[in-house]
Amino acid sequence: MILPSPLSVGNGHLHIGGHDTVELAERFGTPLYVTSEDRIRENFHRFAGALRNHYQKVQVLYAAKANGNLAVFKILASMGAGADVFSAGEVALALAAGMRPELLLFNGSSKTSADLALAVEKGIRVSVDSLDELRQLDRVAGAAGKTIDIAFRVNPAINVPTHPKIATGLATSKFGIPAGEILDVYREALALEHVNPAGIHCHIGSQILAVEPFAREVEVLIDVAGDLIDIGVNLSFIDIGGGLGIPYQRETDRAPAPKEYAGAVMPVFLRGIKELGIEPELWVEPGRWLVADSTILLTRVNSVKIAHKAFANVDAGFNLLVRPTMYDSYHEVVAANRADAPAVREYSVTGPICETGDILAKDRMLPELAAGDLIAVLDAGAYGFAMSSQYNSRPRSAEVLLAGKEAALMRRAETVDDLTAAMVTPPWQE
Ligand SMILES: *Cc1c(COP(=O)(O)O)cnc(C)c1O
């Protein structure tokens with residue numbers, strides 16, 4: 001098996017960032033998310049560096065939804081990242097981590113008036129997703145006596161090779177304004193008093209393992225930018241979104257490196273802006289690529305059952321990692337306490353949730369397993385804990401952050417009391 005960079009094997013145990021996973025599981029308990037800060041820093045350097053080799057005015061906006069731990073935000077903030085935020089909660093986290101409001105973009109197709117007011121109050125740019133939202137935002141900004149910089153989210157109608165639930169730039173997607181109607185909304189924005197159309201935004205989807213769709217996306221954006229200049233829009237940023245995928249199946253997936261991504265996207269962008277005679281900032285919104293491979297989910301085998309096939313029943317299920325159930329995603333699994341034992345039997349690694357679909361990994365060759373063994377689920381840093389739930393009334397797990405030789409909680413495990421903390425007894429039940 002090919003192990004991603006923060007992982008290694010020593011004394012028969014899987015290590016992450018130089019830490020023995022067996023010791024981490026004993027010290028902090030399972031299930032347990034473990035994240036390597038060093039790996040996030042490396043990823044950021046590689047991603048931002050690849051683009052900045054072509055053009056200096058690149059700003060990375062971390063897609064906040066991928067991993068919402070404040071400690072992760074702080075790592076990225078310290079490296080100069082802003083954030084693509086979708087909610088008041090993500091705004092609060094980004095600001096608490098020290099990100100500057102002008103490096104945030106408030107995204108989403110369904111914002112409340114409170115969301116719009118928050119953006120206006122904090123001076124956060126908004127990616128506007130409809131004409132209705134534009135008019136509401138203009139009123140909200142007017143009431144506050146302010147003018148707010150906006151972009152529109154363009155729907156480029158591009159098919160991308162990924163899971164349909166995470167393809168966002170299809171003509172039929174709920175996101176964005178069709179490229180054919182985009183001039184009209186900019187015209188309206190130009191005529192309004194309290195919004196200033198300053199950018200253009202697009203995001204075509206997630207876990208995309210080819211670079212061509214991104215190059216086509218940039219072509220569409222450059223075309224639109226040309227039309228926008230003609231009607232008098234002063235473009236200060238072009239935001240091409242995120243979506244670069246990672247090789248979850250390392251043996252077979254071919255995933256483009258950031259260098260390849262930059263090599264496909266940047267020439268189109270640079271040629272385009274040169275022809276248009278503008279030098280806008282290029283904004284990018286990677287989520288998965290920055291954090292996915294920084295993190296593993298450690299889960300303990302409760303029991304082994306040999307039925308029509310072999311099941312390793314573990315203590316984490318789709319309550320903690322929903323991707324396999326929701327998107328049929330593949331995550332590599334490793335027997336962390338016997339990482340160099342030969343794989344001798346096919347197991348399905350199944351969680352404790354009372355649903356048939358609660359399978360973390362299907363039919364994988366693993367060493368002979370027994371109760372008490374430790375399984376590591378790899379590449380769990382993006383859309384892992386972030387999408388967890390308390391389903392089946394299971395408190396969520398702890399998250400540990402590693403930096404060099406240090407290991408510490410970045411989130412404590414929830415308790416049964418946390419399950420009822422927000423519940424209120426109706427008076428007639430008192
Ligand atoms: C989810 C999302 C991203 C990040 O996608 P990744 O595949 O994690 O890189 C970026 N921009 C927007 C608008 C998103 O919704």
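Treat the numbers as computed from the prediction; the structure is a model and nothing was measured. When a ligand or atom number is given, it counts from 1 through the structure's own listing order.
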Does only the side chain of Trp289 get under 4.0 Å from ligand 1, or the backbone, or both, or neither? Count heavy atoms.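 Neither; no heavy atom under 4.0 Å.
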Contacting atoms of ligand 1, where contact means under 4.0 angstrom from a heavy atom of [X]:
X: Arg153; answer: 13 (C)
X: Gly287; answer: 4 (C), 6 (P), 8 (O), 9 (O)
X: Gly242; answer: 9 (O), 10 (C)
X: Phe86; answer: 13 (C), 15 (O)
X: Arg288; answer: 6 (P), 8 (O), 9 (O)

Cation-pi check, [X] onto [Y] ring (under 6.0 Å, within 45° of axis):
X: Arg364; Y: Tyr330; result: yes
X: Arg125; Y: Phe106; result: no
X: Arg323; Y: Tyr248; result: yes

Among all protein heavy atoms in this structure, tell me which lies nearest to [atom], with the distance rounded to 0.1 Å.
atom: atom 4 (C) of ligand 1; answer: Ala63 CB, 3.3 Å
atom: atom 7 (O) of ligand 1; answer: Ser206 OG, 2.4 Å
atom: atom 12 (C) of ligand 1; answer: Asp84 OD2, 3.2 Å
atom: atom 1 (C) of ligand 1; answer: Lys65 NZ, 1.2 Å

Carboxylate-amine/guanidinium contact Glu133 Lys111, below 4.0 Å: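 Result for this pair is yes, salt bridge flagged.
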When you check the gap from the basic side-chain N to the acidic O, do Arg216 and Glu219 get nearer than 4.0 Å?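 Salt bridge between Arg216 and Glu219, a charged N being under 4.0 Å from a carboxylate O: no.
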Determine whether His15 and Leu7 satisfy the following criterion, side-chain contact (heavy atoms from CB on, under 4.5 Å), listing intermediate values before the conclusion. CA-CA 6 Å; His15 287 63; Leu7 304 181; over 6 Å; no
Within-shell test, Tyr383 vs ligand 1, heavy atom, strictly < 4.0 Å: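 Within the 4.0 Å threshold, so yes.
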Does ligand 1 have any atom that is closer than 4.0 Å to a heavy atom of Gly243?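 Under 4.0 Å: yes for Gly243.
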Any N or O of Glu285 closer than 3.5 Å to N or O of ligand 1: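 Such a contact does occur with ligand 1.
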Mind checking whether Pro286 has an N or O less than 3.5 Å away from an N or O of ligand 1?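 No: no nitrogen or oxygen of Pro286 is under 3.5 Å from one in ligand 1.
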Looking at Arg288, Arg250, Gln249, His331, which one forms a side chain to side chain donor-acceptor pair (under 3.5 Å) with Asp379?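 Filter result, single survivor: Arg250.
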Decide side-chain contact (heavy atoms from CB on, under 4.5 Å) for Arg411 and Asn69; before the verdict, give the C-alpha distance in whole Å, the side-chain angles of both, and the deciding distance to 0.1 Å. CA-CA 8 Å; Arg411 182 193 303 268; Asn69 195 293; 3.8 Å; yes
Using a 4.5 Å cut-off on heavy atoms from C-beta on, say whether the side chain of Val291 contacts that of Tyr62.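 The answer is yes, as the side chains (C-beta and beyond) meet within the 4.5 Å cut-off.
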